[in-house]
Amino acid sequence: PPWHDATPTMCHFNLTILDTLRGLYRAREHKFFDFHHFNVEEYEHFEQVENGDLNWCMEGRFVAFAGPHDERKCSPGGYYNLRPEDYTPYFKKRNVALVVRCNKPYYDSKKFTSQGIE
């Protein structure tokens, strides 16, 4: 049966577990993912909303994260959104040099660019 992430929304695509396993196989085949270098502790820390909802899609190349906001506010679910300056130390440590915004602009991009992150 189809499945999707834990968001409480209707699924608009038919992704199966087999599709996911095939994707993981292809990622390993093309060296986008390596079980031997996967840091479980880092993943479990940063995948939590309160820690940035951040995941490396391609280790060292492409990271996805929840869109930051200019002000820290508490969501109805009890989580606080992060600001660009909350992400900056980790991004600098991991050599993230470019942020591409794919959502509504809830933050001033200068908060990244002033720190050397385009």
Side-chain angles (χ1 to χ4, degrees):
W3 67 284
H4 65 102
D5 64 15
T7 56
T9 60
M10 180 180 284
C11 181
H12 296 288
F13 51 88
N14 290 319
L15 182 67
T16 66
I17 292 174
L18 181 58
D19 294 326
T20 303
L21 293 173
R22 286 178 176 152
L24 183 57
Y25 174 82
R26 294 289 301 249
R28 289 186 66 209
E29 182 178 56
H30 293 285
K31 309 233 185 296
F32 293 157
F33 181 79
D34 181 358
F35 283 109
H36 300 293
H37 295 102
F38 182 72
N39 185 330
V40 174
E41 292 79 20
E42 183 179 64
Y43 168 80
E44 288 179 346
H45 174 79
F46 285 109
E47 66 92 21
Q48 296 176 34
V49 174
E50 61 271 25
N51 295 326
D53 195 12
L54 180 152
N55 289 284
W56 285 95
C57 300
M58 291 174 56
E59 182 66 33
R61 297 181 188 180
F62 178 68
V63 64
F65 64 103
H69 291 251
D70 275 328
E71 296 180 30
R72 188 182 301 260
K73 294 181 184 174
C74 188
S75 73
Y79 295 104
Y80 284 89
N81 59 284
L82 298 184
R83 301 164 300 159
E85 51 268 34
D86 297 317
Y87 289 99
T88 302
Y90 179 76
F91 285 179
K92 286 187 163 204
K93 176 182 172 186
R94 295 297 302 269
N95 298 313
V96 173
L98 174 69
V99 169
V100 177
R101 181 170 35 212
C102 297
N103 56 2
K104 294 179 183 178
Y106 294 115
Y107 67 94
D108 182 354
S109 62
K110 291 178 187 162
K111 291 189 176 184
F112 282 125
T113 58
S114 69
Q115 297 298 313
I117 301 170
E118 294 299 314

Would you mind listing the cluster partners of [X]? Hydrophobic ones only (ILVMFWY), side-chain contacts under 4.5 Å, chaining allowed.
{"X": "Leu98", "result": "Val100"}
{"X": "Phe32", "result": "Met58, Phe62"}
{"X": "Val63", "result": "Phe46, Leu54, Trp56, Phe65, Leu82, Tyr87, Tyr90, Phe91, Val96, Val99, Tyr107, Phe112, Ile117"}

[X]: which residues meet the side-chain hydrogen bond (donor to acceptor under 3.5 Å, both in side chains) condition with it, sequence neighbours left out?
{"X": "Asn103", "answer": "none"}
{"X": "His37", "answer": "Asp34"}
{"X": "Asp86", "answer": "Arg72, Arg83"}
{"X": "Asp53", "answer": "none"}

All ring pair (Phe, Tyr, Trp, His ring centres under 6.0 Å) counterparts of Tyr106, not counting sequence neighbours: His69

For Tyr43, enumerate each residue passing the ring pair (Phe, Tyr, Trp, His ring centres under 6.0 Å) test, keeping only those at least two apart in sequence or located in another chain. Phe38

Provide the full list of salt bridge (charged side-chain N to carboxylate O under 4.0 Å, His left out) pairs with a residue in residues 101-118, sequence neighbours left out, each pair given once. Asp70-Lys111

What salt bridge (charged side-chain N to carboxylate O under 4.0 Å, His left out) pairs are there with at least one residue in residues 41-51, not counting sequence neighbours? Glu42-Arg94

Please determine whether residues Phe35 and Val40 belong to a single hydrophobic cluster, defined as Ile, Leu, Val, Met, Phe, Trp and Tyr linked transitively by side-chain heavy-atom distances below 4.5 Å. yes

Looking at Glu71, I'd like to know if its CD atom is crowded, meaning that more than 12 non-hydrogen atoms belonging to other residues, nucleotides or ligands lie closer than 6.0 Å. no

Which atoms form the tightest heavy-atom contact between Ala64 and Cys57, and what is the distance? CB-SG, 3.8 Å

List the atom pairs, donor and acceptor, that lie under 3.5 Å between side-chain atoms in residues 17-24 and the rest of the protein, sequence neighbours left out.
from  : atom 1 : to    : atom 2 : distance (Å)
Asp19 : OD2    : Thr16 : N      : 2.9
Asp19 : OD2    : Thr16 : OG1    : 3.1
Thr20 : OG1    : Thr16 : O      : 3.3

Distance-only, no hydrogens or angles: does the Lys92 side chain make a donor-acceptor pair with backbone N or O of Gln115 under 3.5 Å? yes

